[in-house]
Amino acid sequence: MEDYQSAFIERHIDTQTLSQSGRKVAAMHFGGVTIECLLKAIIFASLPRGATQEWMTESYDPGHTFTNPGHSYIEALRRHNRLRSRIYNSPQVRKWLDEVENPIGQHFINMRYSGVEPDDPNYKRWLNAYQSLKEWLLKQATQL
Amino acid sequence: MHENWQVSLKQHITKQYVRNSPEWVDLNISTSGLLNLTIVSDRFVSLSRPQRKEQISSLLQSYVPHLSPGFLSLYTLQESESLNLSPPQVFNVASLNTWQDLAIQAANPQNQYPEPQHEPQIPRTVTFYSFKGGVGRTTALTHVASILAMRGLKVVAVDLDLEAPGLSTAFNLKPQPKYGIVDYFYERSYLPEGVEPSISIAEIFGEVRVPNATGRLFVVPAGCLNLDYVSKVDDLQATTIIDGNKSLWSIFKEQIKEQLNPDILLVDSRTGINQWGALSLIQAADEAIIFLFPNEQNKQGIELLLQSLKSLKNLSINFVFSPVPDITKTGLSKVKNIWDSLQKKIQTTNENYEAEADEDESDLDNDRTALIEDILVVPYLVPIALADSYPVPGMQDYYTKIANLIDETTDKLKRSTVLSNIDQRWKIIESLQFPEVNAADNRQDLSLLFQRTTDFERFLDDTTCLIRGRKGTGKTALYWLFLQHKTVAHKLAHGRLDNTIFLSAHGRFQESRPSRDEFQIIHQTLQQDGGTWEAFWRAYLLLRCYQEDLFKFPQGKKGAKFTELKTTIDNLPREGWLSECTQALLELSTNSQLRLIVKDAVSILLNEETRNNSQKLWFLYDDLDEDFPEAGEVRKQALTGLFQLVQSCDANRLTEIRFKIFLREDIWNRLSFDNKSHFTGRDILLQWTRIDFLRLALRQAIQSDFKDLVDRISPVAVESIDLANEDAIDKALEILWGSHRRGGNRSKKVSRWVYERLTDSSGTTFPRSLSILLKEAKEQELTYKGQSSSKFREDRLLQSKSLELGLKKASEKRCEEIKEEYPHLINFFEALNGKSALLEKEQLQAIWQNSAFSIIENFEEFASFLGEIGILEWREKDQRYKFADIYVYGFKMDRRGAV
């Protein structure tokens, strides 16, 4: 049983730790993962009671039809109409989402291969986007 | 009715997990039915996430097995801090927002929250609601909105029928605004903190052009009807809280007020029982107009609604039956039945204003026919059914009553606001004057005080020579108007009387005049010496004209034939009436030669002369009832003679001299003489219709500081009182005495109450009684000064109770007057003390036997006489005699059971 919510908390703490320690690239990478986990947690929270909280695969039928969206936010949002609608209707949130998914132009998953630390203004922008997005998502999570 | 499971679940969880104050619990049920739960508690500290989930899941399973758990956030205090989570602000615990809130409250009146102090909302929100769709709610709204805009209001119509929108289509709103309220709500619901919304209030409304409107009409549509709309509307919650303590509606209202400052908001509500209906009715509405088709489904639905709405004390509710397919009597009786049934449900919620021990039924509009007319009905109208957009020209009238309803409340609130300044209020009451119009008093400024009735024009008419009327209806005032206040009279006549000279041919205006004794003697002498009353009056007339220098005897040849006549009257005293005058007249009416000469004198010296001067002469006769009091030969002969004089003048085509004879109605009725029909159509009955009456009331009241109030609220200039229509006068008077007697829908209009109480059973209304009533009411009202105002109706100066006491005084006065008028009935009047105002035939007979048998020996005649003079009337329905209210109090009769 996937527990994306726990993962979210853990990654959130990781991201925080990295950020506070000045490890910017790593923070961006883990930040992206944190949000990914949160999105997935939200998707699983919307599943009907009978369904198992696992992704559907070719060989496994968990009682719903969502396959793992991987690291793509867009794919994740495709599995939650309401949330997607809310995000798309808020230009500001979309900006944040973009920023977190692709900090300094690279997808967050690939940040781990990056060796160049971002400069302060860029980092600050990312951090603000990350925190705002996380806060907003958590709020939405309770009203979806 | 079990308790709200949400509350109990939350309580249970709180009990288990919240020990210290920073810990908190939030429970949120989404519209998709998911139970989202957030618990921040250090009870989780030692537990792993799966363990926490395990705990909660089993709790939820046992409590709400039917619900799917949604997002479960189970954090320790530290975790929550790091996530920057904060508990949601508690939004007004005691407020009612949903149907469930209402239902629980209604089922638990013992737990009712104290109603917060109700501030009159500005702008007011009127919600148009229906239980089922297709009954014409939106249609009505479009028509009412344009009527109100035409009347000068700034109206904003809002489409809150979010799940079935159509208002902008109904209005044919062009161009459509970019956004609608759904976009507005949606953005604000999910706006991140610290971010400004991009959809401004100015982008969500459009304006409708209403031709000839002095106001304006704006429409806030639900949104552009497209897939985006569908997606958004499905993800909105009516109970969303924004910025901690604001609701969607409150934010919208705040911003629309700032942008447009509308006078009124009209909301097109969602039908049935759902969250948007709740928002429209429960959260937003100050007033609700509920539409229903007259059938069982609708009736039951509305009755269900009323059970819940009971808790909303500050919501005023009105019903409109629409569309009614059959508006004949049979169709409307079905409407009335449903109406009665609904009223019963509402009755229990009526506020207890002035809960008097003698809860007066006369204050309720019990009159059956009036009630059916007062039920708001919109018939099935084919043009409306076929129209694609509204309003449909020519169909406005069907919706006027609904607009009036709204206007009425606006006015009432306006009055309350203005009158709520306590000191002002007492100052104005103190300044109120209700002087009895005493036309004989030349100190009174009659131009301000005199109220012409709608008969006035007919009075001015040349052919009108007889003015009949009951005592106290203003005959003498008219008489005095023309004699004492000529300029005013001319002004009132708008130039028609510029060349007319007015003369008191007989009446109090003369310093002294022949009266009872003289007339007795005259009568005897005339009989003895073969004279006629007609001749007497003619001679009297001539003498009066001579006394007033209205003609001169010609000199020379022309004057020759008048010499004897001249000698007779030449040396008579001009001022005052002495026996010489009577003698002279007797001479002129018995001497056959002189009689003919007098006739010529009138014809030539008066009529021709007047014509040559392009003038007219009016001869006014008053006080005839006083000078010929007893029915009998003298009165009969004398008055007949007078009318014969008039006939004769008409026959001789003396067109420049006109008679205006003021005579008591019942005396005229008892006169009979040949050719009495000559006067049909040449007479008027002086009557005060309701509008005359109201004009009088306003005219009097406005002679004080009250005028300022009227100017502020419902201006009617003194000069325009005669031109203003009944509505305008009524509105102005509402400031004085309010619009309805008591709270609630069935209460009688005050203006109607006053008019009916001061009208006797023959339909005569007594203007003098009005002054007395109002004066006394003012005195009464002043005794309340300094007392606590909890029971006061703040929307008026004079309370209902004060008016009642005023009525008592007016009644006492009227009774005194009628005793003077008919002194032979005094015993009968006194015998009425303590008797019921609604008497059976036998009971009245008994009283008559004991007190009036000797006066009129036939009971039927007696009863009919009483009816004629307005004391009572026969009520076929009750098979009883009903005494007029205006006498009931003064004669100390028992009002119970007599409505």
Side-chain angles (χ1 to χ4, degrees), chain A residues 1-17 19-20 34 38-51 53 80-97 128-144, chain B residues 26-38 48-53 57 60-61 65-76 78-80 82-86 88 183 186-199 227-228 230-232 234-237 239-241:
Chain A
M1 184 90 97
E2 297 277 11
D3 188 355
Y4 283 111
Q5 199 164 354
S6 306
F8 157 69
I9 304 280
E10 299 302 324
R11 296 298 84 74
H12 150 75
I13 296 171
D14 294 339
T15 310
Q16 205 169 47
T17 314
S19 181
Q20 278 161 3
T34 310
L38 182 52
L39 289 176
K40 288 178 175 176
I42 292 175
I43 293 170
F44 273 7
S46 75
L47 292 176
R49 222 185 28 194
Q53 305 219 324
H80 200 302
N81 280 337
R82 269 208 174 171
L83 184 59
R84 183 175 85 215
S85 193
R86 291 190 196 179
I87 291 177
Y88 279 19
N89 275 297
S90 174
Q92 184 63 282
V93 176
R94 266 167 51 202
K95 267 216 249 324
W96 292 335
L97 196 78
N128 177 50
Y130 168 73
Q131 283 169 336
S132 310
L133 179 63
K134 184 163 48 72
E135 210 172 293
W136 187 84
L137 280 175
L138 278 174
K139 181 145 181 250
Q140 300 313 299
T142 60
Q143 329 168 26
L144 281 169
Chain B
D26 178 52
L27 193 62
N28 177 295
I29 316 287
S30 79
T31 51
S32 36
L34 290 178
L35 192 158
N36 298 309
L37 178 59
T38 307
S48 73
R49 224 158 302 279
Q51 282 173 319
R52 300 179 195 181
K53 235 177 141 184
S57 295
L60 291 179
Q61 261 291 71
H66 57 287
L67 273 194
S68 236
F71 203 78
L72 299 175
S73 314
L74 311 168
Y75 304 125
T76 64
Q78 201 196 32
E79 287 162 357
S80 124
S82 96
L83 281 172
N84 208 12
L85 293 181
S86 54
D183 305 293
Y186 189 85
E187 184 182 33
R188 275 162 179 73
S189 296
Y190 306 122
L191 201 61
E193 268 207 48
V195 176
E196 285 299 305
S198 65
I199 301 178
L227 294 174
D228 186 43
V230 175
S231 156
K232 283 183 180 168
D234 198 36
D235 192 20
L236 278 183
Q237 265 205 338
T239 50
T240 301
I241 304 306

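Atom CD of residue A/Q92 and atom OG of residue B/S198 lie 10.5 Å apart, to the nearest 0.5 angstrom. Atom OH of B/Y190 is separated from atom CG of A/L144 by 7.5 Å, given to the nearest 0.5 angstrom. B/Y186 OH to A/N89 CG: the interatomic distance, rounded to the nearest 0.5 Å, is 5.0 Å.
If you measure heavy-atom distances from A/T142 to chain B, the contacts under 4.5 Å come from both the backbone and the side chain. Using a 4.5 Å cut-off between heavy atoms, A/F44 makes no contact with chain B at all. For a residue to count as touching a neighbouring chain, one of its non-hydrogen atoms must lie under 4.5 Å from one of that chain's; by this rule A/I9 touches chain B with the side chain only. Heavy-atom distances place no part of A/I87 under 4.5 Å from chain B, backbone and side chain included. Both the backbone and the side chain of B/P69 come within contact range of chain A, judged by heavy atoms closer than 4.5 Å. Proximity to chain A (any heavy atom under 4.5 Å) is shown, for B/Q78, by neither the backbone nor the side chain. With a 4.5 angstrom heavy-atom cutoff, B/L85 touches chain A only via side-chain atoms.
Here the side chains of B/D228 and A/Y88 are not in contact, with every heavy-atom distance at 4.5 Å or above. Using a 4.5 Å cut-off on side-chain heavy atoms (C-beta onward), B/P192 and A/S132 make no contact.
At a heavy-atom cut-off of under 4.5 Å, chain B is reached by A/E10, A/H12, A/Q16 from residues 10-17 of chain A, listed in order of number.
Under the side-chain contact (heavy atoms from CB on, under 4.5 Å) rule, B/F71 has a single partner from A/Q143, A/Q5, A/Q140, which is A/Q5.
With respect to chain A, the highest number of heavy-atom pairs below 4.5 Å among B/S189, B/S48, B/P197, B/S82 belongs to B/S82. In terms of heavy-atom pairs under 4.5 angstrom with chain A, the leader among B/D26, B/D183, B/L72 is B/L72.
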Criterion side-chain contact (heavy atoms from CB on, under 4.5 Å) on B/V195 and A/W136, from CA distance to verdict: CA-CA 11 Å; B/V195 176; A/W136 187 84; over 6 Å; no
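No donor-acceptor distance shorter than 3.5 angstrom exists from the side chain of B/R49 to the backbone of A/A7, with no hydrogens or angles considered.
Pairs passing the salt bridge (charged side-chain N to carboxylate O under 4.0 Å, His left out) check and including a residue from residues 129-138 of chain A, sequence neighbours excluded, do not occur.
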